[in-house]
Amino acid sequence: MSIDVRIPAPLRRITNGADKVSVEAESLAAVVEALNEAYPGIKDRLCDESGSLRNFVNVYINGEDVRFLDGLDTATNSGDEISIVPAVAGGY
Amino acid sequence: MSYIKCLYCRECGREYPVAPEHVCEFCFGPLEVGYDYEAIKKVISKDKIQKGPLSIWRYEDLLPVTRDSGIDMGTGFTPLVKAENLGKTLGLNNLYIKNDSTNPTFSFKDRVVSVATNKALEFGFETLACASTGNLAGSVSAHGAKAKMDTKVFFPSDLEQGKILGAAIYGSTLVAVDGTYDEVNRLCSELADNHRWAFVNVNMRPYYSEGSKTLGYEVAEQLGWRAPDRCIVPAASGSLFTKIWKGLNELKDLGLLESVNTFMDLAQPDGCSPIVEAFEQGTYHVKPVKPETIAKSLAIGNPADGFYALKTIAETKGNAVRVPEPEVAECMKLLAETEGIFTETAGGVVISALRSLAKRGIISADEVVVAFVTGNGLKTVEVIEDAADPVFTNPDYKSFQDALNVWNKRSL
């Protein structure tokens, strides 16, 4: 079993149109590396120069915002579902 | 006409064509509308605006879409009321309330939705949708009905009944999501990627959010073409706050205001105050929270425009105010009892912040202060249920007098 990553529209040009890709990795950081290996350049879209997740990138593991977990250090397990979602404003 | 030129990324500046997109492909930054200000400068004038319709469309030259490209619900140009009674209570001589609860669906959301709907029609969308904390659902439903669009509104299932009914009446499809607003938003964001639906606050966001600028324009015009000395604005995502500031500055840059020296003060309820928290910590990095507030229209734990709101506060030497939850309903009553304006919880948050700033001496007595009241109180009656305390009487003269005496003594 592997980890499914849901790809938002702005990144699908890099993933050749795929809206979901599967990787095997034991942490979110390793997921990003694995994605980048398969789709070079995707890491730069997600992370800034210092390697942290960009301000306007939200990542959820099984629905939980990784900023409530351990960020890029969050452990990932086979069967997890990861969503990458751009920040969206609403409300006031 | 509209002078929209392009979309551009607020972070990296990269330009994009005018399309239903909201995110920079390269850095995920939010896209913003770019205008041909040189062309606008040639045509705009106070006189031209004043001869325009009594609605947001009098500022059409500064919006990303025109009135004629879609529908006009009569949104905007709401009253700016001199709040003499409340001002006296707080020791303020020039206090104004911008009462946006008089819009077609009783909140400022009609401004953003009017712009987004017309743009959606221009793009040829047949479905109008949104993720909502309540007011937006009502506004999108009404605009969708008028525009004869298929309409779908998504909201957290624990929403106030008044807001659910206020959307249902227009015949839209209601989607009650078992989750927080942030979760609703995430769902809609993923849906917007795969359906050709105009989510006003997702793929239409660059256009939608421009509608909030009209609050800044109107206040300046209604004050006789001058910027307020201070604006007090409720914040969830921080979008409204930054757009009022943008509106004032556009007027200055176009030569319609001499100067803008406005303190921009932002108000959030204690149970959901991630922007205030970042302000107090002295950082621009907003840490998301899980909202627990009675001001449900402000319950966004992950404020997308928090960063820009903090920049605006810093730039204007403004304040970020955290309002204790019990003061929300208390200040709804204060505004109603002093000014005859019945606002929803978000308005209670603003009035509480205003009172706090006045008490702390941060506002000086003669400043021209505008407090933005963004929605109607009938939408959130749950929080003031204990406000009703009638004199119970039989239908005869003496019974009434006796009952009134008892009631008066009890209230002393």
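A note on names: the letters A, B, ... follow the listed sequences, proteins ahead of strands, and every chain is numbered from 1. Note that these values count all heavy atoms, side chains included, but never hydrogens, waters or copies made by symmetry.
Within the 4.5 Å cutoff, the side chain of Ser189(B) has no heavy atoms near those of the Pro8(A) side chain. No side-chain heavy atom of Asp19(A) sits less than 4.5 Å from a side-chain heavy atom of Asp193(B). Looking at heavy atoms from C-beta onward, Phe28(B) lies in side-chain contact with Leu11(A) at the 4.5 angstrom threshold.
Between Arg186(B) and Gly63(A), the closest heavy-atom pair is NH1-O, 3.1 Å. Scanning all heavy atoms of the two residues, the minimum distance from Arg54(A) to Cys27(B) falls at CD-O, 3.3 Å. For the residue pair Arg45(A) and Glu25(B), the shortest heavy atom distance occurs at NH1-O, 2.9 Å.
Between Phe56(A) and Tyr308(B), the ring planes lie parallel to each other; the angle is under 30°, not in the 30° to 60° tilted range.
At most 12 non-hydrogen atoms from other residues, nucleotides or ligands lie less than 6.0 angstrom from NZ of Lys43(A). Residue Glu26(A) places its CD atom among 12 or fewer non-hydrogen atoms of other residues, nucleotides or ligands, all under 6.0 Å distant. Atom CG of Asp178(B) has 12 or fewer neighbouring heavy atoms from other residues, nucleotides or ligands inside a 6.0 Å radius. By the 6.0 Å contact criterion, CZ on Arg12(A) is enclosed, its count of non-hydrogen atoms from other residues, nucleotides or ligands being greater than 12.
Residue Val200(B) does not touch chain A at all, counting heavy-atom pairs closer than 4.5 Å. Residue Glu21(B): no heavy atom, backbone or side chain, is found under 4.5 Å from chain A. For chain B, the nearby part of Ile84(A) is the side chain; its heavy atoms alone come within less than 4.5 Å.
Of all the listed residues (Asp48(A), Asp44(A), Val57(A)), the one sharing the greatest number of non-hydrogen pairs under 4.5 Å with chain B is Val57(A).
Using a 4.0 Å cut-off between charged side-chain N and carboxylate O, Lys290(B) and Glu64(A) make a salt bridge.
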